[in-house]
Amino acid sequence: MTGSYPLDEGGRQGVYLLEEGILPGGGTENSQGGPNMRTKRIGIVGSGNIGGNLGIMLGQAGYEVFFSSRHPENLKELVQDAGPAARAGTVAEAIAFSDVILLSVPLKAYRELDIETKQALQGKIVIDTSNPYPERDGVMAVEARQDPGGMGTVVARLLPGAKIVRAFNSVYFEDLRKTVNKRGDRIGIPIAGDDQEAVEVAVELARSVGLDPVVVGGLTESRLFDVGTPVYATSASASEIKAKLRME
């Protein structure tokens, strides 16, 4: 992937990053390579409010985090905040380094990904946090909001061959960083995907940073926590999410 975007998915100006997430095996006691850790390495695409904060949180939990952009020298602060196991480099290096990708860029940026990057993502678990905003993404976002399969199927079409799982798109970044809502309840993270391994990885990732995963269903079910739904941007607990989605 070559290029930079004026806004990342979190809305912050600057270059995008690649953050791949290699997730621990659930819980928070996997930080130093404990028995529950499935994988050690995490790459991130999108260095802003969502991807940047999750990268820092995962690095502080003990994972190897790889931030990337065209200008890795500008990522020193993120690397420092993420801890001694964090690093920065090119997007291609980050993809090669990682097993799982946390992709957090504007929806319009997906069409700008080059062929090499899309090929490199084939067969990879890609945790997608994007949201369609017409004022930023244009007609593409309007079409995505009208898609009956929701954002999950939209992204799957844009990245054929990748194992797409939707997660972390429904929480405001400041609450994400706190991990608890105003009531003191752990924040729930709705998750949807068709690939079982990808879903399990997203579950583990959420748990590793102190959040509460809620598996909603297959990829088309991601529409239940897209923009404008009752659980979007609410920082609701897992039990509240299940109640709003009538899962209980």
Side-chain angles (χ1 to χ4, degrees), residues 9-10 17-68 78 81-83 85-86 94-95 97-105 121 124-131 151-152 155 162-173 175-180 186-217 219 222 225 235 237-238 241:
E9 175 54 28
L17 305 174
L18 175 85
E19 160 183 87
E20 281 192 351
I22 301 178
L23 305 173
T28 58
E29 296 183 357
N30 49 19
S31 60
Q32 300 301 326
N36 289 332
M37 180 181 279
R38 270 188 190 202
T39 179
K40 297 178 181 178
R41 299 172 176 177
I42 299 174
I44 300 170
V45 181
S47 59
N49 292 330
I50 298 176
N53 276 295
L54 275 173
I56 291 170
M57 293 162 75
L58 288 161
Q60 291 176 349
Y63 295 93
E64 297 178 49
V65 177
F66 201 126
F67 297 101
S68 70
L78 278 172
D81 290 345
I95 293 177
F97 172 86
S98 306
D99 298 326
V100 178
I101 315 299
L102 178 65
L103 189 52
S104 186
V105 297
L121 292 174
K124 293 268 190 178
I125 293 172
V126 176
I127 299 175
D128 170 64
T129 78
S130 63
N131 289 306
M151 273 296 295
V155 174
K163 300 175 182 178
I164 305 296
V165 58
R166 287 279 286 164
F168 302 107
N169 71 295
S170 62
V171 181
Y172 185 52
F173 78 95
D175 290 343
L176 181 73
R177 187 167 53 202
K178 294 174 185 175
T179 71
V180 296
R186 184 178 295 181
I187 291 172
I189 300 295
I191 295 169
D194 293 335
D195 185 274
Q196 184 62 33
E197 181 186 9
V199 170
E200 290 174 358
V201 164
V203 166
E204 294 167 357
L205 179 56
R207 286 177 177 162
S208 74
V209 296
L211 299 165
D212 206 350
V214 180
V215 177
V216 175
L219 197 56
S222 69
F225 52 92
S235 297
S237 67
I241 290 171

Val215/Val199 under side-chain contact (heavy atoms from CB on, under 4.5 Å): CA gap, chis, key distance, verdict: CA-CA 8 Å; Val215 177; Val199 170; 3.9 Å; yes
field: Working for side-chain contact (heavy atoms from CB on, under 4.5 Å), residues Ile191 and Val216
entry: CA-CA 6 Å; Ile191 295 169; Val216 175; over 6 Å; no
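Residues Ala167 and Ile189 share a closest heavy-atom pair of CB-CG2, 4.3 Å. Smallest separation of non-hydrogen atoms from Val155 and Ser130: CG2-OG, 3.9 Å. Across every non-hydrogen atom of Phe173 and Ile50, the tightest pair is CB-N, 4.4 Å. Contact detail for Gly210 and Thr179: the closest heavy-atom pair is O-CB, 3.8 Å.
At least one donor-acceptor pair under 3.5 Å links the side chain of Asn169 to the backbone N or O of Phe225. Under the 3.5 Å distance criterion, the side-chain polar atoms of Lys163 are left unmatched by any main-chain donor or acceptor of Glu197.
Annotation: side chain of Val209 is in contact with side chain of Leu58 (closest heavy-atom distance under 4.5 Å).
Residues satisfying the side chain to side chain contact (heavy atoms under 4.5 Å, CB included) test with Asp175, not counting sequence neighbours, are Val171, Tyr172, Lys178, Ile187, Ser235. Taking Ala85 as the reference, Glu64 meet the side chain to side chain contact (heavy atoms under 4.5 Å, CB included) condition, with sequence neighbours excluded.
Asp128 has a carboxylate O that lies under 4.0 Å from a charged side-chain N of Arg166, or vice versa, which qualifies the two as a salt bridge.
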